[in-house]
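Worksheet: the structure to be examined is printed underneath.
Letters A, B, ... are given to chains in the order of the sequence lines, protein chains preceding strands, and every chain is numbered from 1.
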Number of protein chains: 2
Amino acid sequence: MEILDGKKISEQIKQEITEEVAAMKARGEKVPHLAAVLVGSDGASLTYVGSKVRSCEKIGFESTLVKMEEETTEEALLAKIKELNEDDAIDGFIVQLPLPKHIDEQKVLLAIDPDKDVDGFHPMNFGKMALELETFIPATPFGIMEILKRYNVETSGKHTVVIGRSHIVGRPMSILMSQKGIDSTVTLTHSRTKDLTAITKEADIVITALGSPDFLKAEMVKEGAVIIDVGITRVPDETKPKGYRITGDVDFAEVSPKASYITPVPGGVGPMTIAMLLQNTLLARARHNAK
Amino acid sequence: MEILDGKKISEQIKQEITEEVAAMKARGEKVPHLAAVLVGSDGASLTYVGSKVRSCEKIGFESTLVKMEEETTEEALLAKIKELNEDDAIDGFIVQLPLPKHIDEQKVLLAIDPDKDVDGFHPMNFGKMALELETFIPATPFGIMEILKRYNVETSGKHTVVIGRSHIVGRPMSILMSQKGIDSTVTLTHSRTKDLTAITKEADIVITALGSPDFLKAEMVKEGAVIIDVGITRVPDETKPKGYRITGDVDFAEVSPKASYITPVPGGVGPMTIAMLLQNTLLARARHNAK
């Protein structure tokens, strides 16, 4: 059994980007610039956005944090997005979700210029992904593909079972794993699936994106399977300083002895998301340059 | 075994649209207007486009056929598309494929206003479909969904196996069948899939979109399966006036006795495509009205 070390891979990627940015600077080129829009003061959102901005600084990107008040109108947010769309200095930007309830999230995501949509949530980018055109792949699925690639996990002709059909993980993973060049046979399962165990037991690769702690048990997987755990759930734990621990969808103690490769939680898929957001911003810069 | 009679269903849909258009006329409203762009004089393309235009006339739509010469430049075609995008009289339009080799098909499809893209081939519409937003679903997948609906074929919790991952049939079918409200567990198979028979034998619903005559044999399906045959291949046949017959992916003689429902070829999925193109044009009209 080998651990798919997302933390290590994400550090490698950030290191590669850091070198690339240093080379850009040395050539006198403009470095990538990521902006993040945060509406309101939700604690978790502040933490996420702060972490993204700090990562930009660390690797040499320019970054802008746009903080807007909880009471911001949809109109004002849309005006800000228009400004960011039109600002040539900004290569890519994200709007941190969730947004306050009085704002139509879908309308906001649709207002982002697809060429700056480094989160890859715009339908235009999602459609391009499905049609195998150049696009921005959402950070979590992109991160999983990168882990599989860097560990040389064989995907062609393998049976991949994805658990969960969310728009940000399950659905894109089912599409990416069956694309040309990856070539898995993919089964997408969800809450209405009958006899899930019969399906997961046949899988060469299992990707769980449920948010249900310790859901995947040893009897549900076959010997030698590759296990990708996208679940991140906070479970109360008084022995921890923060009063909780992070738990995945996979019962790691039970499943890991049967697996050929497995992502831990934490330290697996999670750390990849910021690295891939940075990677998308670097791509955005290159594409704007190419225009 | 019950035949899924696409010919009958398509006639019903056209009848419903005819009545709706008559009612629109009676209310003094503008009727839907479909335009079709044909570049060159390929025989099959001429037949398809001609059939679409005649169907429009028959059900009371306005229609415009834009014929352009084989030597048309990409620039001239793009200018024509811009004109159609901006023409308020046109609700939807299609560009008949394939295009001459000197024209970049992808560039042309991307130039079509997604709100008029009644073929549903634009990445924006494909992405909206995948994200379960209001869109235009490509005619063939839309037609299959309509057949399943009108015959009350149970899809929820069923295992659907799609054979073929093309952008116009296999991929969209795999997405649509696993969407909320349809709720199939979906396996998407393709040329790299190993032991296809083991997979199709477990399927409650098999959708083949290969273009490989008589590919699906009785031993590949389980008793009581629903069989949707999207294959349309011309096979030389000197006993026919045209010198060929149309053959599906399914060995109908062998498979039909085991099936609970099955689409014939011809007369199954094929006739649905024009009906769903007309349905999309009606939808386009309604959406433009609503703006």
Any chance [atom1] of [X] has more than 12 other-residue heavy atoms, nucleotides or ligands included, within less than 6.0 Å?
X        : atom1 : value
B:Lys149 : NZ    : no
A:Lys107 : NZ    : no
B:Glu202 : CD    : no
B:Lys217 : NZ    : yes
A:Lys52  : NZ    : yes
B:Tyr48  : OH    : no
A:Lys201 : NZ    : no
B:Arg287 : CZ    : yes

Inset, instruction - Using a 4.5 Å cut-off on heavy atoms from C-beta on, say whether the side chain of B:Ile175 contacts that of A:Arg171. - result: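 When only atoms from C-beta onward are counted, B:Ile175 and A:Arg171 do touch, with a gap below 4.5 Å.
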Legend entry - Note, A:Arg165 side chain near B:Lys180 side chain (heavy atom, < 4.5 Å):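 A side-chain contact under 4.5 Å exists here.
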Atom group of [X] that falls short of 4.5 Å from chain B, counting heavy atoms:
X        : value
A:Gln179 : both
A:Leu196 : neither
A:Ser191 : neither

Inset, instruction - Below 4.5 Å from any heavy atom of chain A, which atoms of B:Ser174 appear? Answer side chain, backbone, both or neither. - result: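 Just its backbone gets close to chain A.
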Legend entry - Part of B:Thr160 lying under 4.5 Å from any heavy atom of chain A: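 When you check distances to chain A, no heavy atom of B:Thr160 falls under 4.5 Å.
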Legend entry - Contact summary for A:Phe121 and B:Leu131, nearest pair of heavy atoms: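 It is O-CD1, 4.0 Å.
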Most contacts with chain B, counted as non-hydrogen pairs under 4.5 angstrom, among [options]:
options                                : result
A:Thr187, A:Leu133, A:Val162           : A:Thr187
A:Met129, A:Gln106, A:His167, A:Lys158 : A:His167
A:Ala130, A:Pro172, A:Ser156, A:Ser178 : A:Ser178

Legend entry - Check: A:His159 side chain, B:Thr193 main-chain N or O, donor-acceptor pair, under 3.5 Å: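 No: the side chain of A:His159 does not pair with the backbone of B:Thr193.
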Legend entry - Heavy-atom donor-acceptor pair, A:His190 side chain to B:Ser184 backbone, under 3.5 Å: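 The answer is yes, because a donor-acceptor pair under 3.5 Å joins these two groups.
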Legend entry - Closest-packed option against chain A by number of heavy-atom pairs under 4.5 Å, given B:Asp183, B:Leu110, B:Leu188, B:Thr135: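 Ranked by contacts with chain A, first place is B:Asp183.
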